[in-house]
Engineer: 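Please see the structure below; I have some questions.
Note that ligands are numbered from 1 as they come in the structure, with each ligand's atoms numbered from 1 the same way. Position 1 is the first residue of the sequence; numbering continues from there.
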Amino acid sequence: MKLVILDRDGTLNEDRADYVKSPDEWVPLPGALEAVARLNHAGWHVVIASNQSGLGRGLFDVSTLNAMHAKMHKLLAAVGGKVDAVFYCPHAPEEHCHCRKPEPGLFEQIGERYGIDLPGVPVVGDTWRDLIAGAAVGCEPHLVLTGKGAAYRTRKLPQAFPKTTQVHASLAAFADFLIAREAAKA
Ligand SMILES: [Mg+2]
Ligand SMILES: [Zn+2]
């Protein structure tokens, strides 16, 4: 099974300093939904691993989060794309859970659910937290320069990032990269 693990806010949809708290605030990044569709058509399953501390902070509830994801699935379906599942951490930082990235718990859940070996599975995110969490279980780290990643358009990556981090302008650019790499192998 070909699997890609995506961060959500800042990678697939616009991030907000005050958290994405409602379906109206869930706004896809340009070309991001189409990028998922292109990956799907090339045989990749896509799942999301997302910190949603807004739940633990009481900013929104699970039914609102489900409504955001219903919007996401609907917008994806309209362009022929699909996210298989959303894995999220509902905790606030002070709960010190094992699933809030940069901890690897969400990735371990994904590995168990799909019964796959995580080493080599591409992980895509806009922060070091996403990539450290994935790299801890052997995933291949890819940074997108959208969301919080936009800060690195003009700056070197700090040491907090995994050494093997590959950088792409956007999720669309990452999809093009992955599909071209696969095609070159064939
Ligand atoms: Mg993010
Ligand atoms: Zn958690």
Engineer: Determine the interplanar angle of the F174 and H168 rings, folded into 0 to 90°, and report it as parallel if under 30°, tilted if 30 to 60°, perpendicular if over 60°.
Structural biologist: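 Answer is perpendicular, since the angle exceeds 60°.
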Engineer: Can you hop from I48 to L106 via hydrophobic side chains spaced under 4.5 Å?
Structural biologist: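 Cluster IDs for I48 and L106 differ.
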Engineer: Using the benzene-type ring in the case of Trp, are the ring centres of H45 and Y114 under 6.0 Å apart?
Structural biologist: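 Ring centres of Y114 and H45 not closer than 6.0 Å.
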Engineer: How are the rings of Y152 and F161 set to each other: parallel, tilted or perpendicular (split at 30° and 60°)?
Structural biologist: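 It falls in the perpendicular class, over 60°.
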Engineer: Protein N, O or S atoms less than 2.8 Å from the Zn ion (ligand 2), ignoring waters?
Structural biologist: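 Under 2.8 Å from the Zn ion (ligand 2) - ignoring waters, which are not counted - the protein N, O or S atoms are C89 SG, H91 ND1, C97 SG, C99 SG.
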Engineer: Which is the closest N/O/S atom of D9 when seen from the Mg ion (ligand 1)?
Structural biologist: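 The nearest such atom is O.
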Engineer: Would you confirm whether D15, through its side chain, and G147, through its main-chain N or O, come within 3.5 Å as a donor-acceptor pair?
Structural biologist: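 Checked: no pair found.
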Engineer: I'd like to know if the side chain of D61 pairs up with that of S63 as donor and acceptor (distance under 3.5 Å, no hydrogens or angles considered).
Structural biologist: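 Note: D61 and S63 side chains meet the donor-acceptor criterion.
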Engineer: Check all N, O or S atoms of D7 and name the one closest to the Mg ion (ligand 1).
Structural biologist: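 When I compare the N, O and S atoms of D7, OD2 is nearest to the Mg ion (ligand 1).
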Engineer: N/O/S of D126 less than 2.8 Å from the Mg ion (ligand 1)?
Structural biologist: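 Coordinating: yes.
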Engineer: To the nearest 0.5 Å, what is the distance between CD on E25 and OH on Y19?
Structural biologist: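 If I round to the nearest 0.5 Å, the distance is 13.0 Å.
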